[in-house]
Amino acid sequence: MRRRWCRQQQAEERGAMRCCAAGPWPHSALTTLLLTVYTILSKVHSDRNVYPSAGVLFVHVLEREYFKGEFPPYPKPGEISNDPITFNTNLMGYPDRPGWLRYIQRTPYSDGVLYGSPTVENVGKPTIIEITAYNRRTFETARHNLIINIMSAEDFPLPYQAEFFIRNMNVEEMLASEVLGDFLGAVKNVWQPERLNAINITSALDRGGRVPLPINDMKEGVYVMVGADVPFSSCLREVENPQNQLRCSQEMEPVITCDKKFRTQFHIDWCKISLVDNTKQVSTFQEVIRGEGILPDGGEYKPPSDTLKSRDYYSDFLITLAVPSAIALVLFLILAYIMCCRREGVEKRNMQTPDIQLVHHSAIQKSTKELRDMSKNREIAWPLSTLPVFHPVTGEIVPPLHTDSYDNTSMPLMQTQQNLPHQTQIPQQQSAGQYLENTVIIK
């Protein structure tokens with residue numbers, strides 16, 4: 001798509017040149033030529049260089065209009081391009097930005113802002129920030145480089161620093177030049193310093209604040225730190241009064257005489273104001289009383305040098321494997337000797353066992369074997385002791401109920417009148433004068 005668009009731009013440029021040679025330019029041809037020249041210039045532009053000062057707030061706006069020339073225009077002529085564009089910023093060669101530099105962009109239709117306070121350690125070291133613009137409509141990208149050359153400030157650091165918390169502002173609103181200028185003007189009227197600089201701006205969300213509810217245009221809040229070269233004014237010192245401290249502890253608004261100079265545009269939470277006086281050298285050293293649980297001071301950590309010789313770990317590897325293997329082999333041999341070479345045997349056991357115990361043991365074994373053999377063969381004849389010998393009435397000898405070929409597996413446990421062939425009917429007299437036949441079952 002980009003190649004086709006470039007060929008179209010080259011054709012339009014050649015057409016514009018022909019129009020220039022033929023005579024006066026029409027309005028459409030002039031517009032096309034200007035658009036082509038602007039596009040070419042935007043593509044071959046050089047990297048941007050900025051020169052912020054250490055300890056002073058740095059703000060750089062990533063304007064969407066500046067990057068629109070990197071992407072093809074809309075296919076319809078005359079249609080205004082309003083593509084959603086997002087930005088990604090990182091230090092060249094690294095996935096993220098430096099620690100002092102932050103970035104914010106609320107929506108793809110708003111400009112992005114890089115802001116932060118450079119440190120003294122980065123003075124004299126060029127910081128190259130890669131800015132990648134993403135067109136969410138055409139999915140094309142464009143990359144620019146921003147070279148930040150941090151300069152040392154003559155009046156840095158400013159000894160007196162005050163941090164205000166503004167409740168009715170978001171960080172991108174506060175970063176606007178006109179809004180920040182109005183705030184610094186209000187602070188200057190209250191403080192009356194000779195030099196006043198904005199040191200840093202931080203969103204309340206970066207300080208652990210909560211995202212506000214989307215009602216009544218609630219803001220997340222922003223912390224603004226400013227520095228001056230004169231001591232704090234009496235108005236700013238009113239926050240340290242015991243009465244105001246008590247009201248802040250009770251979550252009440254303190255009484256500040258200069259609050260009306262900010263109230264028209266900025267709602268300041270005076271209970272969260274921080275006043276720092278760097279002229280007072282406060283010793284932060286605290287003697288450590290050593291006792292139980294406190295290790296002695298071993299000095300600074302000294303890492304090993306880069307000239308260490310390589311070490312051969314082959315012998316250590318063999319020792320690590322050989323020693324456990326030898327111990328395991330010795331234990332195996334001892335166990336094998338006990339299990340195989342120290343057995344007494346069956347004959348020695350029988351010699352030491354009484355005869356009556358051996359007889360009992362043999363009888364139990366024989367009975368168990370007979371029961372197991374009987375359970376395997378269920379077609380053998382029943383024992384004679386379980387069969388009838390003679391008829392209980394006639395006295396004659398009764399043959400067995402079944403022959404040897406009889407299938408006894410289907411015989412029920414209790415025999416009834418229907419399946420017994422030998423039975424005798426014995427009449428008995430009942431109370432009604434009738435005789436009932438009782439059945440005598442011959443087993």
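Source: prediction; values computed, not measured. Reckoned from all heavy atoms, side chains included, excluding hydrogens, waters and symmetry mates. Count residues from 1 along the sequence.
Considering only residues two or more places apart in sequence or on other chains, Y51 meets the side chain to side chain contact (heavy atoms under 4.5 Å, CB included) condition with N49, N149, M151. For Y115, there are no ring-ring contact (aromatic ring centres under 6.0 Å, His included) partners at least two apart in sequence or on another chain. Looking at residues two or more places apart in sequence or on another chain, you find a ring-ring contact (aromatic ring centres under 6.0 Å, His included) between F165 and Y223. Applying the ring-ring contact (aromatic ring centres under 6.0 Å, His included) criterion to Y103, with sequence neighbours excluded, gives no partner residue. Listed by chain and number, the residues in a side chain to side chain contact (heavy atoms under 4.5 Å, CB included) with E251 amount to none (sequence neighbours excluded). With sequence neighbours excluded, the residues forming a side chain to side chain contact (heavy atoms under 4.5 Å, CB included) with C235 are V190, S233, I256, T257, C258, listed by chain and number. By the side chain to side chain contact (heavy atoms under 4.5 Å, CB included) test, A186 is found to be paired with F262, residues two or more places apart in sequence or in another chain being considered. Looking at residues two or more places apart in sequence or on another chain, you find a side chain to side chain donor-acceptor pair (under 3.5 Å) between T107 and S110. F58 meets the ring-ring contact (aromatic ring centres under 6.0 Å, His included) test with no other residue; sequence neighbours excluded.
Atom-to-atom distance recorded for D355:CG and H360:NE2 is 11.0 Å, nearest 0.5 angstrom. Taking CD of E130 as the start and CE of M92 as the end, the distance is 4.5 Å to the nearest 0.5 Å. Atom CZ of R167 and atom NZ of K272 lie 8.5 Å apart (nearest 0.5 Å). The distance from atom CD of Q161 to atom OG of S274, rounded to the nearest 0.5 Å, is 9.0 Å. Here R210 contributes atom CZ and L205 contributes atom CG; the two are 11.5 Å apart, rounded to the nearest 0.5 Å. Rounded to the nearest 0.5 angstrom, T86 OG1 and R64 CZ are separated by 10.0 Å.
If you check the side chains of S203 and D206, you find no donor sitting under 3.5 Å from an acceptor. No side-chain donor from either of W270 and N244 sits under 3.5 Å from a side-chain acceptor of the other. If you check the side chains of N135 and D83, you find a donor sitting under 3.5 Å from an acceptor.
Between the side chain of D269 and the main chain of C271, a donor-acceptor pair closer than 3.5 Å is present. Between the side chain of S362 and the main chain of V359, no donor-acceptor pair closer than 3.5 Å is present. Under a 3.5 Å cut-off, the side chain of S117 and the backbone N or O of I199 do form a donor-acceptor pair.
Residues I201 and V171 meet the side-chain proximity criterion, which asks for heavy atoms closer than 4.5 Å. For the pair L175 and L180, the minimum side-chain heavy-atom distance is 4.5 Å or more. For the pair T127 and L91, the minimum side-chain heavy-atom distance is below 4.5 Å. Looking at I131 and L62, their side chains come closer than 4.5 Å, going by heavy atoms from C-beta outward. At least one side-chain heavy atom of Y160 sits less than 4.5 Å from a side-chain heavy atom of T279. In this structure the side chain of L335 never reaches within 4.5 angstrom of the side chain of L333, judged on heavy atoms. In this structure, S367 and E370 have side chains that are not in contact, with every pair of non-hydrogen atoms separated by 4.5 Å or more. Under the 4.5 Å side-chain criterion, counting only non-hydrogen atoms from C-beta, I148 is in contact with I129.
In this structure, D373 places its CG atom where more than 12 heavy-atom neighbours from other residues, nucleotides or ligands lie under 6.0 Å away. By the neighbour-count criterion of 12 heavy atoms within 6.0 Å, atom CD of Q365 is densely surrounded, having more than that number from other residues, nucleotides or ligands. The local environment of CD in Q250 is crowded, with over 12 non-hydrogen atoms from other residues, nucleotides or ligands closer than 6.0 Å.
Taking the six-membered ring for Trp, F266 and F183 have ring centres closer than 6.0 Å. Ring centers of Y134 and F139: at least 6.0 Å apart, outside the cut-off.
Of all heavy-atom pairs spanning P231 and W191, the tightest one is O-NE1, 2.8 Å. Summarising the geometry of V56 relative to P118, their closest heavy-atom pair is O-CD, 3.3 Å, with the distance given to 0.1 Å. Between F232 and R237 the shortest heavy-atom distance is CD1-NH2, 3.4 Å. The shortest non-hydrogen separation linking P254 to R247 is CA-NE, 3.9 Å. The two residues L101 and R97 come nearest to each other via the heavy atoms O-NE, 3.6 Å. Closest approach of N200 and L57 over heavy atoms only: CA-CD1, 4.1 Å.
The salt bridge (Lys or Arg N to Asp or Glu O under 4.0 Å) pairs that include a residue from residues 168-177 are R106-E172, E173-K219, where partners are two or more places apart or lie in different chains. Here salt bridge (Lys or Arg N to Asp or Glu O under 4.0 Å) pairs that include residues 110-122, with residues two or more places apart or in two chains, number zero.
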> Should V226 and L196 be marked as a side chain to side chain contact (heavy atoms under 4.5 Å, CB included) after you check the CA-CA gap, both sets of side-chain angles, and the distance that decides it?
Replying inline: CA-CA 7 Å; V226 297; L196 181 67; 4.2 Å; yes
>> I'd like to know whether V187 forms a side chain to side chain contact (heavy atoms under 4.5 Å, CB included) with N189, so could you lay out the CA-CA distance, the side-chain angles of the two residues, the decisive distance to 0.1 Å, and finally the verdict.
In response: CA-CA 5 Å; V187 174; N189 293 332; over 6 Å; no
>> What verdict does the side chain to side chain contact (heavy atoms under 4.5 Å, CB included) test give for Q265 and D182, after you've listed the backbone C-alpha separation in whole Å, the side-chain angles of each residue and the deciding distance to 0.1 Å?
In response: CA-CA 9 Å; Q265 188 176 0; D182 294 341; 3.6 Å; yes
>> Test side chain to side chain contact (heavy atoms under 4.5 Å, CB included) on V224 and M174; report intermediate values, then the result.
In response: CA-CA 9 Å; V224 181; M174 197 65 198; 3.9 Å; yes
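Annotation: cation-pi geometry not satisfied between R136 and Y109 (NZ/CZ under 6.0 angstrom from ring centroid, within 45° of ring axis).
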Exercise answer: donor-acceptor pairs, residues 314-327 side-chain atoms, under 3.5 Å, sequence neighbours excluded:
from: D316; atom 1: OD2; to: R311; atom 2: NH2; distance (Å): 3.2
from: T320; atom 1: OG1; to: D316; atom 2: O; distance (Å): 2.6
from: S325; atom 1: OG; to: L321; atom 2: O; distance (Å): 2.7

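Under a 4.0 Å N-O distance rule, the pair R207/E163 qualifies as a salt bridge.
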